[in-house]
Amino acid sequence: MAEKKVTRIGVMCSGGDSPGMNAGIRAVVRTALYHGIEVYGIVRGYSGMIEDDIYQMQSRSVANIIQIGGTILKTARSKEFFTKEGREKAYSNLKKRGIDGLVILGGDGSFRGAQTFSNEFDIPCIGLPGTIDKDIAGTDFTIGFDTAVNTAVQAIDKIRDTAESHDRLFIIEVMGRDAGYIALHSGIATGAENILIPEKKTDIDNLIASLQEKEKRKKLVNLIIVAEGEKGGADYIDKIIKEKIPGLDTRVCILGHIQRGGSPTCFDRLIASRMGYHAVECLMEGRFNVFVGIVNNRINYIPLNEAVKKKQRINEEWMKIVKILSS
Ligand code: ADP
């Protein structure tokens, strides 16, 4: 790989926030400074790039943030960046500062934006997969997923206590508009009876039959986990269960944004630190339009367009495990 001298880089977060982004920013800033590269923080993602909300960062700018959720650079979704004029404005703001490389923490939407931008303006972009949804193909993990799923597990465990005491069935909705990973992982880890995810069409008749069968043999069913993206969400599933099995005492609980916040787990801090370090290495090696992923515990560089085109696939065996372990 041809070495290309980068002298000044920008770092930003875009799209949905995720715990561990701060650890990623810290790693990018400190690795760049170590190599004598100047670093600029771009506030609120592509919006800040367009509005010229950019400031120079020093080692101290990222002190005491590794353990903090959210992102000190803030994040946003920018409609203007979808337009050529918006991207031109963004580029001129980078150019006037001499910024010659970008590190973007975000999900597949942000990577799509990065790819369009670097194709038009010849500015190398490196992605860091930051999303609680874990729905980026080409990496085993994304920054924030582990924290989010552990937050969900802690909350579900607490709900189980009250569910058990009252012989109640809780239908719990977790985050994941297009992806069922939080539902699948937290559901297995809390011993849920059923896990409903957008990647798999829910057979409602089958779900009702299995609840009735368990009711008949007096097997208590406490938890059904529903991903947000499942048609109608938890409320819809609850309505159907109430209609079909009127005797069952059910409640709905929507976990919501609690899953996005909080101090990142050790795992998320670690992968964010490793990925951030490698993002700067990538720019120094003259790589571009890749994101830094982890596969089998090794760092991998994956073309941005692979994340954009493909989705991570749900492991069918995991669905089988759910069924067997809840029988
Ligand atoms: P995430 O990165 O969490 O998936 P979004 O899908 O909302 O979040 O994308 C974040 C931002 O990336 C968008 O608001 C937009 O500014 C930019 N973006 C996404 N897709 C494109 C695209 N095709 N062209 C230009 N910018 C894009």
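Whatever order the structure lists ligands and atoms in, that order sets their numbers, starting from 1. We're numbering straight along the sequence, starting at 1.
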Visitor: Counting only N and O atoms by type, is there a donor-acceptor contact under 3.5 Å from the side chain of T116 to the main-chain atoms of R112?
Guide: yes
Visitor: Classify the side-chain pair T265/N150 by whether it contains a donor and acceptor separated by less than 3.5 Å.
Guide: no
Visitor: Among all the protein's non-hydrogen atoms, which is closest to atom 11 (C) of ligand 1, and how far away is it?
Guide: S14 OG, 3.7 Å
Visitor: Please state which option from G127, G130, G107 has its nearest heavy atom closest to atom 1 (P) of ligand 1.
Guide: G107
Visitor: Indicate yes or no: at least one non-hydrogen side-chain atom of L248 is less than 4.5 angstrom from one of I241.
Guide: yes
Visitor: Hey, is ligand 1 close enough to R77 that some N/O pair sits below 3.5 Å?
Guide: yes
Visitor: Show which atoms of ligand 1 fall inside a sub-4.0 Å distance from at least one heavy-atom site of D108.
Guide: 4 (O)
Visitor: I need the nearest protein heavy-atom contact for atom 19 (C) of ligand 1: residue, atom name and distance, please.
Guide: G109 O, 2.9 Å
Visitor: Taking the six-membered ring for Trp, are F141 and F267 ring centroids under 6.0 Å apart?
Guide: yes
Visitor: Give the atoms of ligand 1, by number and element, whose distance to some non-hydrogen atom of T116 is under 4.0 Å.
Guide: 24 (N)
Visitor: Indicate yes or no: does D52 engage R97 in a salt bridge with an N to O separation below 4.0 Å.
Guide: yes
Visitor: Show which atoms of ligand 1 fall inside a sub-4.0 Å distance from at least one heavy-atom site of Y46.
Guide: 12 (O), 16 (O), 17 (C)
Visitor: Tell me if the centroids of the rings in Y55 and Y40 come within less than 6.0 Å of each other.
Guide: no
Visitor: Using a 4.0 Å cutoff against the non-hydrogen atoms of R112, which atoms of ligand 1 qualify?
Guide: 20 (N), 23 (N)
Visitor: Say whether T131 and ligand 1 are in contact under the criterion: heavy-atom distance to a ligand atom below 4.0 Å.
Guide: no
Visitor: Under a 4.5 Å cut-off applied to non-hydrogen side-chain atoms, are I299 and V292 in contact?
Guide: yes
Visitor: For G16, counting its heavy atoms only, list the atoms of ligand 1 lying under 4.0 Å from any of them.
Guide: 3 (O)
Visitor: Go through the steps for F81 and F117 under the test ring pair (Phe, Tyr, Trp, His ring centres under 6.0 Å), then give the verdict.
Guide: CA-CA 9 Å; F81 200 75; F117 192 55; 5.3 Å; yes
Visitor: In terms of residue, atom name and distance, what is the protein heavy atom nearest to atom 22 (C) of ligand 1?
Guide: F82 CE2, 3.6 Å
Visitor: For atom 27 (C) of ligand 1, what's the nearest protein heavy atom and its distance?
Guide: G113 CA, 3.4 Å
Visitor: Heavy atoms only: which of A114, S78, P129 lies closest to atom 16 (O) of ligand 1?
Guide: S78
Visitor: Side chains of T202 and E230: do they bring a donor and an acceptor to under 3.5 Å?
Guide: yes
